[in-house]
Amino acid sequence: MQSTFYNPEARQLWRRFQTFPNLADLGTGEWRRTDLIRLLHRVERKREDYSSPVLQNQVENMLGFLYFKLNMTKEAKGCLGRVKDRDPTNIIAFTTRGYILLEHNRLTQAKIVLEEFEDKISPGKTTEEEVGLRKAIASGEKAFCCSQLGPKCFKKGIELYENALSCPVLDADCRLVIKFGLGLLLSKCLDENVCGQIKGFDPDSFYGKARDVFLGVVTEGTMVMVARAWLLLGETQVRYFHFLSKPEQELMKKMASHQTAEECFAKAEATAQGKDAFVLERLGCYLRLCKKFTAAIATLEQALELRPTSFAYHEVGLVYLEKWTSSKKPRPYRPTRNREDVKTRLKSSAKASQVNTPTSLTKVARSATDFNRGDVWHSVKPTPLEPHATQQLLPKSASGAARLKGARSDCGLKFEANTDAIKRGQIDRILTAAGNLVLKDVKSPLLKKAREYFVKALELGGNSPYMILKNLARTKYSLGTDPSEVFGVLEQALRSGDRSPQFRKCARSVLELWGVYLLDQGDITRGKVLLCKVLEMCVTEMPQIVPIPPCKVSFRDILLGREKKPTEELAATLFRYLPVLKCYPLPSSVGTDDQLLAHLSQLVDRCDESNDFCEAKVYRTFLIDFGGIVDRHRSTECDLAVARIQADINEVIASDVYRKTFHASVTPPGDHSCRYNVFIMYDPKDQVYADEFVKLLEVDCGLHCCYESRDFEPGLFPMDNIERCLSRSCCVLHVVTLTYAR
C-alpha cells in the first residue's frame with residue numbers, strides 16, 4: 001500500500017488516518033501479483049485453525065489488505081465488514097477502509113468514516129486506557145501481518161508484538177493470543193532457512209524468549225493452546241539445537257530446568273488426547289524425522305481421519321518414500337572400460353539432446369556454435385591448470401548448418417581420446433554421490449503408496465505445492481516413469497514457487513534432481529548446465545569468510561580440498577557437484593586467499609575466451625563471494641548467454657537470470673518508492689498487442705507493469721490518470737506503432 005496521494009485533500013485526510021496504526025508501511029509495493037495471490041491462499045487456510053475472535057480479526061484484516069492489493073475491492077470490503085461487525089472499533093479495519101476510499105478518490109466517504117471513528121473513540125465516550133487497549137490490539141494484528149510477509153519483516157513483527165504485550169490493560173484472552181503469536185514468530189526465526197535474513201540474529205536470545213513465552217502459554221492457556229504450546233516448544237528446541245555443538249547439546253539436556261524435545265512432544269500428545277489434527281500432523285512429521293516410520297504412519301492416518309489436509313497427505317507420502325530409501329543400499333556406478341560402448345552412448349546422448357530440446361534447428365545451431373556447446377564434453381574432465389592453459393580453442397567456421405556440422409566434427413576429432421576418461425572419472429563419481437536419487441524399483445509397493453499420497457496432496461492444494469511436486473517427480477523417476485513426464489513435473493514445481501526461503505531451497509533440490517536425471521539418461525551436456533546452476537545457488541547462500549551456524553564449514557575449505565566429508569546440506573551439495581567443473585580440483589600451489597583470487601580471475605578469463613559461459617558464471621560467483629572484482633558489463637553478457645543456454649533446456653530455468661538482468665536495467669538503484677517498475681503507454685487500438693507484451697514482462701521478466709486497461713482509476717480525467725501513473729512508476733515505455741504515431 002502506498003502512503004502518498006496526488007490530491008492535496010487526500011493527503012491531508014491520510015495524515016489524520018496515520019495517527020492510528022495501519023498497514024500502509026508493510027513494504028509490499030514491489031511484490032508481484034502471483035506472490036500476493038499465493039500469500040492470500042496461505043492466509044485463507046488459517047481460517048480453519050483459528051476459532052478465537054481475536055485471531056479471526058487478524059486473519060480477516062490481513063485478507064482485506066491482500067484483496068485490496070490485488071484490486072479486489074468488493075472482497076476486501078467484505079472481510080473488513082466482518083471485522084467491523086465483530087469489533088466496531090477495530091483500528092486496522094478502519095484505516096484499511098479509509099485507505100481504500102482514498103485510493104478510489106472517494107474523499108467525502110473517507111471523511112465520513114474518519115469522523116465516525118473519531119467520534120467513537122472521543123475522550124467523552126472512551127477512556128485513555130480503552131484507546132491504549134485498541135492500539136495494542138492493532139499492533140498485534142499488524143505484527144501478525146508481518147509474520148506472514150517473510151523473514152525481512154520478522155524483526156519488525158517481534159517489536160510490534162512486544163509493544164502490544166507492554167500494554168497494562170490487555171485482557172487475558174488478547175494477551176494469550178498475542179503471546180502465542182510472538183512465540184510462533186520467534187520459532188520461525190530459528191529456522192535455518194530464515195535466520196540468515198534477520199539482522200542481528202542471536203539464536204540464544206531468540207530461543208530464550210520463545211521458551212519463556214511458550215511456558216507462559218502453558219500456565220495460562222486452554223487445552224488446545226497448551227497442547228500446541230508444548231508442541232511448538234519441542235519444535236523450537238529441535239531448531240535451536242542445530243546451532244549448538246554436541247557438547248553444548250549434552251550440557252543442555254543435563255540441566256534440571258530443561259525440558260527435552262521428546263518430553264515436550266509427549267506432553268503435547270497427552271494434552272491433545274488425539275483430538276487436535278494440527279498437533280497430530282506435527283507429531284507425525286517429528287516421528288518421520290526420527291526414522292520411526294511405523295509410528296509416523298499411524299499418527300498421520302489418525303490426523304487424516306480428523307481432518308484431511310494437504311500437509312498430512314504429503315507427510316505420509318514422505319514417510320513411504322523415506323522408508324523405501326532407507327531400505328535400499330545405493331548402487332555404485334561402475335566405470336565403463338569399453339571405449340566403443342562409451343563412444344556409442346555419447347553419440348546417442350548428443351542426438352537425444354538435439355531431439356528433446358524444445359527449439360528450432362536454427363536456435364540449436366546458434367547455441368551449439370556461439371556458446372561452444374560441443375566443448376561441454378571436455379569440460380567435465382578434471383584437467384589441471386597447466387595442461388588447460390595450452391589447449392587450443394575450436395576454430396570458428398561458416399554460419400548456418402555448416403557451422404554446426406564443422407563444430408561437431410572438430411569436437412569429435414579433438415576430444416575423442418578423452419571421452420572414456422570423462423565417463424569413467426567424473427560422471428560416475430557424481431552419480432555415485434547422488435546415491436538413491438537415481439535408483440529405480442518399478443514394482444515397489446512403498447513407492448506406489450508414496451505416489452498415491454502425493455497425488456492426493458496436490459488435489460487438496462497446500463501452502464507449498466512445489467515441495468509436493470518435487471517429491472512426486474522423484475517418486476515417479478524411481479518407479480521408471482518416462483523421463484519427459486518427470487521433467488514436466490519438475491518444471492511445474494519451479495513455476496509454482498514464491499518468494500519464500502523454503503522455495504529457494506526446494507528450487508535448488510529440483511535443479512539438482514533434474515541435472516542428475518539428465519546425467520543418468522546420458523545427456524551430459526544439459527546435465528552439466530543445471531548442476532552448474534546448483535553450484536551458483538549453493539555458493540550464494542553459503543557463508544564463506546567466517547563460518548556461522550548452521551553452516552559449520554566454510555566454502556574456502558571445500559574449494560581448496562581441506563574438507564573431505566562435509567555434513568551440512570549446502571556444503572555437502574557443493575562438494576558433491578564440484579567435479580562438473582573442468583578445473584577442479586585446484587592446483588596444489590593455490591593455498592592462500594590472494595592466490596585463490598588470482599587463480600579464479602584467470603579461470604574466468606579463460607572460460608570467457610573459450611565461450612564456456614556456464615563455468616565462467618560459476619567462477620564469477622566464487623570470485624564475487626570471495627570479495628574479488630568482476631567486469632559488470634562482461635558479467636551481464638555472460639548471464640544472458642547462460643540464460644539462452646538454459647532456455648534450450650527449459651524457459652522457466654532461465655527466467656530468474658532474465659529477471660535479474662532486466663530489473664537491474666529498469667529499476668533505479670536504491671529506489672524502492674515506486675509502486676510499478678514500468679509505465680506502458682500505447683494506443684487503445686493496440687490493446688491486444690499491449691496485453692501480450694505486459695504478460696511477457698510480468699510473467700517471464702517478473703516486472704510489475706502499469707497500463708491503461710487495468711491500472712487507470714475510473715472517474716479521473718485521462719491526464720490525471722497519466723500523471724498519477726507517472727509518479728508511481730520507475731520509468732516509462734512507449735509502444736510505438738503506426739496507430740500510436742498517427
Side-chain angles (χ1 to χ4, degrees), residues 2 6 29-38 68-73 103-105 357-364 366-367 491-492 494-498 636-637 639-668 671 674-742:
Q2 195 86 359
Y6 174 70
E30 69 277 7
W31 279 45
R32 297 172 60 193
R33 182 180 178 86
T34 52
D35 295 332
L36 288 172
I37 292 173
R38 293 189 185 100
F68 169 64
K69 288 291 297 177
L70 293 166
N71 294 325
M72 303 170 69
T73 309
E103 277 284 324
H104 289 83
N105 209 26
T357 301
T359 54
S360 62
L361 288 176
T362 306
K363 191 172 182 180
V364 172
R366 177 169 54 81
S367 62
E491 177 188 355
Q492 190 179 353
L494 291 178
R495 290 188 182 276
S496 61
D498 52 21
T636 303
E637 289 182 347
D639 288 348
L640 293 175
V642 170
R644 286 193 288 268
I645 296 173
Q646 292 172 352
D648 286 343
I649 304 174
N650 196 283
E651 294 179 0
V652 70
I653 300 173
S655 61
D656 62 334
V657 183
Y658 280 122
R659 186 180 304 127
K660 181 178 67 174
T661 52
F662 202 15
H663 265 299
S665 60
V666 170
T667 306
D671 184 8
C674 299
R675 183 171 181 177
Y676 304 100
N677 295 111
V678 185
F679 174 39
I680 301 176
M681 299 187 70
Y682 59 95
D683 189 273
K685 296 180 181 178
D686 300 323
Q687 183 66 50
V688 177
Y689 175 76
D691 290 339
E692 292 295 325
F693 188 61
V694 169
K695 181 180 178 182
L696 172 68
L697 292 178
E698 291 193 333
V699 176
D700 294 341
C701 301
L703 297 176
H704 191 193
C705 300
C706 175
Y707 68 113
E708 179 180 349
S709 63
R710 184 187 65 187
D711 299 301
F712 274 22
E713 291 293 341
L716 293 182
F717 290 106
M719 290 307 298
D720 291 339
N721 258 318
I722 292 174
E723 189 170 357
R724 175 177 173 273
C725 293
L726 285 172
S727 64
R728 298 184 172 199
S729 303
C730 296
C731 57
V732 183
L733 181 64
H734 293 268
V735 182
V736 181
T737 60
L738 290 177
T739 55
Y740 186 87
R742 295 191 185 107

Does Tyr707 have any side chain to side chain donor-acceptor pair (under 3.5 Å) partners at least two apart in sequence or in another chain, and if so, which? none
With a 4.5 Å heavy-atom cut-off, do Arg724 and Phe712 have their side chains touching? no
Contact check, side chains of Val735 and Asp686, non-hydrogen atoms, under 4.5 Å: no
Atom CD of Glu708 and atom CG of Asn721: how far apart are they, to the nearest 0.5 Å? 8.0 Å
Could you check whether any side-chain heavy atom of Val678 comes within less than 4.5 Å of a side-chain heavy atom of Cys731, counting everything from C-beta outward? yes
Please report the interatomic distance SG(Cys706) to CD1(Ile722), rounded to the nearest 0.5 Å. 10.5 Å
Those residues that, when tested against Glu491, pass side chain to side chain contact (heavy atoms under 4.5 Å, CB included) (two or more places apart): Arg495, Trp514, Asn650, Val652
Using the test side chain to side chain donor-acceptor pair (under 3.5 Å), find all partners of Asp691 that sit at least two apart in sequence or belong to another chain. Gln687
Heavy-atom closest pair, residues Asn677 and Cys730: O-CB, 3.4 Å
Roughly how far apart are Ser729 OG and Ile680 CD1, rounded to 0.5 Å? 9.5 Å
Looking at OG1 of Thr73 and CZ of Phe68, how far apart are the two atoms once the value is rounded to the nearest 0.5 Å? 7.0 Å
